[in-house]
Each structure stands twice: as C-alpha cells, then as structure tokens.
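Convention: sequence-line order gives letters A, B, ...; per-chain numbering from 1.
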2 protein chains.
Amino acid sequence: MDYQEAKYKFISTWGSLGTLWGINKAMAQIQALLFISPKALSMEDIMEELKISRGNTSMNLRQLIDWGIVTKVLVSGERKEYFTTEKDVQELARVIAKERSRREIKPVIKVLNEVSSIKDDGTSKTKELIKQTKALHELTENLDSLMHKMVNQNQNWLTKSVFKLMK
Amino acid sequence: MDYQEAKYKFISTWGSLGTLWGINKAMAQIQALLFISPKALSMEDIMEELKISRGNTSMNLRQLIDWGIVTKVLVSGERKEYFTTEKDVQELARVIAKERSRREIKPVIKVLNEVSSIKDDGTSKTKELIKQTKALHELTENLDSLMHKMVNQNQNWLTKSVFKLMK
DNA sequence: TTAAACTTTCAATAATTATTGAAAGTTTAT
DNA sequence: ATAAACTTTCAATAATTATTGAAAGTTTAA
C-alpha cells in the first residue's frame with residue numbers, strides 16, 4: 001500500500017466512522033485530512049483533496065471550529081486562511097467526549113429525570129415506566145460521569161484508566 | 001406530566017438518541033416501547049402504538065433480535081408472536097457495547113493498523129500519516145479494550161468502575 | 001474609495017436513508 | 001389438503017440529510 005492509497009483509506013474510513021461520534025461525513029473527512037497533514041491547509045487545498053464544494057467546505061470547517069477541534073492559523077504574507085486540527089489524540093478524545101456529553105447526553109439525562117418523576121398512579125404500566133426510566137437515568141448519569149472522570153484526570157488518563165480498571 | 005405524555009416523551013427522546021448507539025429511529029423507538037411495557041407486545045400492538053407500518057415493524061424487530069436485545073416470547077394459546085426486550089439496563093449496555101465494538105470499532109482498528117504500517121519513504125507527509133494513524137490506532141484499541149474490561153467485569157461493572165476511577 | 005481576493009450564506013438539487021403496503025411466504029388447526 | 005392467521009420481503013415512494021454553486025458579504029492593499 002502506497003502513501004496515496006493509505007491516505008485515501010484513512011480518510012474514508014475515518015469519515016464513515018463520523019457517525020460514531022455524531023458528525024457528518026464531510027466534517028469527519030476534513031478533520032481526517034488535517035489530522036495527517038504536516039502543515040495547515042487552505043480551503044482551496046481541502047476542496048481539491050476531498051473533491052467537495054467551497055460552500056460545503058466552509059460550512060463544515062465552521063462546525064469543526066465550533067467543536068473546538070479545528071483552528072484557523074494565519075500564515076504570514078498570505079491573505080487566505082489556513083486550518084489545522086488538534087494533533088494530540090488524547091486531547092481530541094477529550095474534546096469530543098465533552099461536546100457529545102453537552103450536546104446529547106446531558107439533554108437526555110434531563111428528559112429521563114423528568115419522565116421518571118411522574119406521579120405513581122398505582123397502575124402497572126406507570127410503575128414500569130417509572131422503574132425503567134429511573135434505571136436508565138441512573139445508568140446514563142453514571143456513564144456520563146465516568147467518562148468525565150476518565151477524561152479530566154490528566155494527559156495520561158487513558159493509560160491510568162486502563163491500569164486502574166485492571167486491578 | 002401524565003402517563004401518556006411521559007411515555008411519548010421517553011419514546012421520542014430515546015428514539016432520537018438511537019444515533020448515539022448507531023441504530024435508526026424506528027428501531028430505537030420499538031426498543032423503548034418494549035422497555036417500558038409491563039408485558040410482551042405483538043406486532044399489532046407495536047404498529048398501533050408507534051404508528052408505523054407492518055413491514056417497518058417486522059424489519060426493525062428482526063434487527064433488534066439480531067442485536068440480541070429483543071426476544072420472541074410465545075404466549076400460550078395465542079397464535080401470534082410477542083416480543084420483549086432485555087429489561088436490565090446493565091445487561092442492555094453490555095450487549096450494545098459488544099455489538100458496536102464488533103460491528104464498527106474492530107473494523108476501524110484493522111484499517112488503522114494497515115494504514116499505519118505502510119513503508120516510511122522518508123517524506124514528511126508519510127511520516128505524519130504513520131505517526132498520526134499509529135496514535136489513533138493505539139487510542140482506539142485502548143478505548144475498546146477499556147470498554148470490554150468494564151463491561152465484562154460482572155453485574156456491577158458500572159458501580160465498580162466508577163469507584164475504581166475515583167481512587 | 002475601489003477592486004481584487006477571499007469567505008459565507010442559502011435556495012435549489014442530489015444523494016441517502018427510512019417507510020410503506022401489497023404480494024408472497026409460512027405456520028397451524030381442522 | 002385447505003384455508004385462516006399470521007410474518008416477511010422488496011420495489012416503489014417519501015422523508016431526511018448533505019451538497020452544490022452562485023450571489024452576497026467581508027477584508028485588505030494600494
């Protein structure tokens with residue numbers, strides 16, 4: 001496998017994995033491209049590499065910036081904007097975890113809490129609803145806090161987490 | 001909030017969260033409905049409650065069965081099939097984690113391994129590709145194994161994991 | 001100022017994904 | 001064997017989501 005093939009394979013695989021962390025294909029592919037690029041890229045560069053339109057590139061870059069994963073860099077003497085992504089995988093994971101929690105998990109926890117707090121009218125269906133959503137609420141909150149704990153430990157959270165859990 | 005409203009809210013919230021664990025809306029909603037139902041439901045029941053077609057119900061039920069989350073139950077004296085879902089949230093989380101790992105994470109790990117193993121031709125772009133995909137490979141493998149460790153400990157994996165990580 | 005160089009916006013369109021419903025298939029009771 | 005009761009399949013269609021591209025907007029240099 002040569003460089004071009006490897007690059008293509010990585011970008012498309014990472015792109016389709018986008019769903020796993022809740023972003024769309026183009027967004028994931030732009031991030032992937034920046035991630036393996038030794039230097040910052042311009043919008044032109046990205047459009048060309050990924051064969052996507054200017055509009056698409058612009059919109060998805062903005063989203064990546066909103067996520068805090070991509071930053072603009074100013075190249076002196078150049079008018080156009082250049083972009084880089086966070087290069088440290090652990091920091092990347094940390095940012096993604098934080099954002100997903102904020103955007104998706106936290107709102108769900110809120111709903112589960114509301115739903116599981118309805119008045120028990122004594123019927124079996126109400127009892128079941130309360131019981132099950134309570135359990136789900138607890139689980140979701142625990143997983144969310146576990147994730148935060150792992151990720152906020154320090155630079156070596158993963159190694160430490162693996163180690164602790166093996167004991 | 002009364003029972004009906006709570007039920008509706010739970011089903012639609014859980015349904016839209018489907019993306020988070022990689023399944024579609026109808027599938028997640030069927031699972032949600034079964035999850036809060038005190039007794040097994042027939043296809044008819046599900047169609048009616050969720051206002052979806054017979055075909056859709058059938059297909060998504062099958063997928064849920066494939067995932068190992070839903071099972072057919074035979075009600076004696078009844079001809080039609082009834083369905084229930086796994087009611088224990090921790091077991092549910094365990095099944096989902098295992099399936100997502102198998103279906104999505106493992107294949108990605110494989111690709112990352114291949115891509116990061118290309119021959120270093122000395123150019124900076126090849127070096128960067130190798131370095132970054134290697135880091136990602138390591139991270140992904142670690143997260144995957146961490147997840148398995150947590151989930152395979154025992155019934156109380158979550159509590160234990162939270163506890164261990166607090167130390 | 002002005003105009004060139006660049007970026008953003010957004011309505012139109014394309015691509016993808018989910019859903020329907022009716023025909024075909026299966027099972028069970030008689 | 002037959003037919004009623006039920007489930008599955010899948011081509012057609014609908015709904016959703018992503019993408020384009022050109023016009024509008026912005027910034028900078030002279």
Scan the side chains in residues 58-67 of chain B for donor-acceptor partners under 3.5 Å anywhere in the protein, sequence neighbours excluded, and list what turns up.
residue : atom : partner : partner atom : Å
B/N60   : ND2  : B/N24   : OD1          : 3.4

Under the salt bridge (charged side-chain N to carboxylate O under 4.0 Å, His left out) test, residues paired with B/D120 that sit two or more places apart: B/K127
Charged N-O contact under 4.0 Å between A/E138 and A/K134: no
Pairwise side-chain contact, A/K25 with A/Q29, heavy-atom cut-off 4.5 Å (strictly under): yes
Sorted by number, the residues of residues 33-47 of chain A with heavy-atom contact under 4.0 Å to DNA chain C: A/M43
Crowding at NZ, B/K106 (>12 non-hydrogen neighbours, <6.0 Å): yes
Under 3.5 Å donor-acceptor, B/N142 side chain and B/L139 backbone: no
Partner residues of A/R54 under the salt bridge (charged side-chain N to carboxylate O under 4.0 Å, His left out) criterion, sequence neighbours left out: A/E44
Side chain A/T85, main chain A/I69, donor-acceptor under 3.5 Å: yes
Contacts of A/E128 that satisfy salt bridge (charged side-chain N to carboxylate O under 4.0 Å, His left out) - sequence neighbours left out: B/K87
Distance-minimising heavy-atom pair for A/P107 and A/S101: CD-O, 4.2 Å
Pairs involving residues 145-156 of chain B, ordered by first then second residue, that meet salt bridge (Lys or Arg N to Asp or Glu O under 4.0 Å) (sequence neighbours left out): none
Residues from residues 55-63 of chain A lying under 4.0 Å of DNA chain D - heavy atoms: A/G55, A/N56
Remaining members of hydrophobic cluster (4.5 Å side-chain criterion), A/Y82: A/V73, A/V75
Over all atoms of both residues, closest heavy-atom pair of A/V89 and A/F35: CG1-CZ, 3.5 Å
5' to 3' contact window, DNA chain D with chain B (heavy-atom distance under 4.0 Å): D/dA4 to D/dC10
Show me the protein contacts with nucleotides 27-30 of chain C, counting only N or O atoms at under 3.5 Å.
residue : atom : partner : partner atom : Å
C/dT27  : O2   : B/R79   : NH2          : 3.4
C/dT28  : O2   : B/R79   : NH2          : 3.3

Contact check, side chains of A/L136 and B/F10, non-hydrogen atoms, under 4.5 Å: yes
Counterpart residues, salt bridge (charged side-chain N to carboxylate O under 4.0 Å, His left out), relative to A/R79 (two or more places apart): none
Bracket notation of DNA chain C in which parentheses pair within the strand, [ ] cross earlier pairs, and | pairs with another strand (Watson-Crick or G-U, under 3.5 Å): ||||||||||||||||||||||||||||||
